[in-house]
Structures are given as structure tokens and as C-alpha cells.
Amino acid sequence: MNVFITGGSRGIGQAIVLEAIRQGHEVAFTYHTSRERAEEVIRAACAVRPEARCQAYPLDVRNSDQVDEVGNQVLDDFDRVDAVICNAGINLNGLAANMPDETWQTVIDTNLTGSFFVARQFLPGMVANRSGSLVFVSSMGANGISGQAPYAASKAGLLGLSSTLAKEYGRRGIRSNAVLLGFIETDMTREGLSEGNRQFWITYNPLGRTGEPVEAARAILFLCSDAASFISGEAISVTGGLDWGP
Ligand SMILES: NC(=O)c1ccc[n+]([C@@H]2O[C@H](COP(=O)([O-])OP(=O)(O)OC[C@H]3O[C@@H](n4cnc5c(N)ncnc54)[C@H](OP(=O)(O)O)[C@@H]3O)[C@@H](O)[C@H]2O)c1
């Protein structure tokens, strides 16, 4: 399978790249700010499977022209893309009443609009192939989480986007699904999180721990795979059982 992943330079995206390589897939992934991080991921991918094909492309998902350019380049380089994983995302904290326009807009543009641009770019190729799989990386925050209004709204928006695409393109052989991730150990959850807050996620989680990026990656790649051939329009939780936040 040829897999395209946004935000593959760190965290969950990096874990998806490496797990996809381990499973024998070819991988194109994007990075936003750091070419060096992307090159490290490529080196790690080669260590997992030396003959693996793994290429990185710079992309700001908020820019639809860039999405078109990178999408066309990936299709030129790989001929076809079988699975698209819209993973790139950010979180900016703040209470709603004081939130600047820019905070709201940046999060929505990156998490929701960016994912739409990416899915739209690859749909025509998938329609032509009469086959393809989309996975949107949402969050249990989609149900609402204090101090993260744009994040919650963007992640809830992805659920509507994913199930709409499942309905619009199912008859063309395309499946679309989302994952609702719980607390996964990455830069996003490490940066600016108090010890008290971290303890909350461990104490109330039925498994008594936080998740590792590879645990998210495996669920996402399952949804891309033929093992999930009759699963579409679905949102599966990968939370260790803790599906609510404060
Ligand atoms: N970690 C969690 O607990 C958790 C829980 C629920 C959902 N999620 C979701 O999982 C996804 C990955 O999160 P993570 O925890 O792995 O975060 P992360 O470690 O902060 O990584 C975010 C990734 O997104 C990329 N990115 C950010 N802004 C971008 C933009 N404008 N255009 C293109 N790429 C951009 C980053 O690229 P650079 O490295 O180049 O900056 C990076 O690769 C996100 O959608 C997040 O909302 C995470």
C-alpha cells in the first residue's frame, strides 16, 4: 500500500510512518517546520526496513496551493496513493471569552480546513482507482474539553467531514474513517501540561496509563488496511477507555 501522512515529522505522525514501513508499505509524509526532523524519520525508516521507500515533503496544510502542489508531486513520485492519513494538527489553549480571532482561526485552519484540503486533493485519484482509504485523526476532545474550544470544534468537524466523505465516495470504493485519540505521549501533550493535569489522565484511565504513539499508529493503519474493508463512516476510540476530559 502507498500511504500519505501529514505531519509525519514528530509524534503520532512519525509513529505512523515507522509502523507503516514496518508493515511493508511505501510512505510519503509531510513536515511543516523542520527538514532535519523529517530526515531523521527517513533514517529511522531505513533502519526499520533498508529497502523501504519513504519520502518527505514540506507542507503547510493551511495553504491549499501547497496542498495541490505536494499532492501532485506525491502522485508523480508514487503513481498512486492508497491511503491518506490527515494527522497534522495543533492545539492552542485559552478560554473562549478571551480568545483572539487568530487563535481560533489558526487551529481551525490547520486541523479542519487543512484536512479537508488534503482529502480533496487525493479524492480524484482514488475515484479513478475505484479504491482508497481516508483516516482523519480526531480526538476525544471532540466531545468538548475546557480551554480548547477551537481544538474541540475542529476535531468534531473532522467527524462530520469523514462521515460525509464516506457517504459521498463509498460507491467509488473509498472508505473514510476517523480515530478519536485519548492522551498520547507526544510534544503536544508534554508541552505546557501541569503535573496535576497529567496525573488526571493517568488516574482516571481504566488502563492506568497514557498511550504511546505507536498504539495510535496501529489503529490508524488498521483502518487503512483491507482488514477494515467493511468499516466506513466510523469513528473509533483509541483512549485506553477514558473517553472524557475535564
Ligand atoms: N497527542 C495526543 O494526545 C493527541 C490526542 C488526540 C489527538 N491528537 C491528534 O494527533 C495528531 C498528531 O498530534 P501529535 O500529538 O503527534 O502532535 P505533535 O507532536 O505536536 O506533531 C504535530 C505534527 O503536525 C505538524 N503540523 C503542525 N502544523 C502544521 C501545518 N500548519 N501544516 C502541516 N503540518 C503541520 C507538525 O509538523 P512540524 O514538526 O514540522 O512542526 C507535526 O508533524 C494531531 O492532529 C492531534 O490533534 C493528539
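Order of appearance sets the numbers: ligands from 1, and atoms from 1 within every ligand. The figures here come from the full heavy-atom set of this structure, side chains too, leaving out hydrogens, waters and symmetry mates. Please read all numbers here as calculations on a predicted model, not as lab measurements.
- Of the possible polar contacts, one joining the Thr189 side chain to the Ile184 backbone as a donor-acceptor pair under 3.5 Å is found.
- Val214 belongs to no hydrophobic cluster with other residues, because no ILVMFWY side-chain heavy atom falls under 4.5 Å from its own, directly or through intermediates.
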Can you give me every donor-acceptor pair (side chain of residues 159-166, partner residue at least two apart or in another chain, under 3.5 Å) with its distance?
unit_1, atom_1, unit_2, atom_2, d
Ser162, OG, Ser176, OG, 3.0
Ser162, OG, Asn177, N, 3.3
Ser162, OG, Asn177, O, 3.4
Ser163, OG, Leu159, O, 2.9
Thr164, OG1, Gly160, O, 2.7

Report all side-chain donor-acceptor pairs from residues 238-246 shorter than 3.5 Å, counting only partners two or more places apart or in another chain.
unit_1, atom_1, unit_2, atom_2, d
Thr239, OG1, Gly241, N, 3.0

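- A distance-only check finds no donor-acceptor pair linking the side chain of Asp68 to the backbone of Gln121 [under 3.5 Å].
- Look at Arg10 and Glu40 and you find no salt bridge, because none of the NZ, NE, NH1 or NH2 atoms lies under 4.0 Å from a carboxylate O.
- Listed as neighbours of ligand 1 are Gly7, Ser9, Arg10, Gly11, Ile12, Tyr31, His32, Thr33, Ser34, Leu59, Asp60, Val61, Arg62, Asn87, Ala88, Gly89, Ile90, Thr110, Val137, Ser138, Ser139, Tyr151, Lys155, Leu181, Gly182, Phe183, Ile184, Thr186, Asp187, Met188, Thr189, each bearing a heavy atom under 4.0 Å from the ligand.
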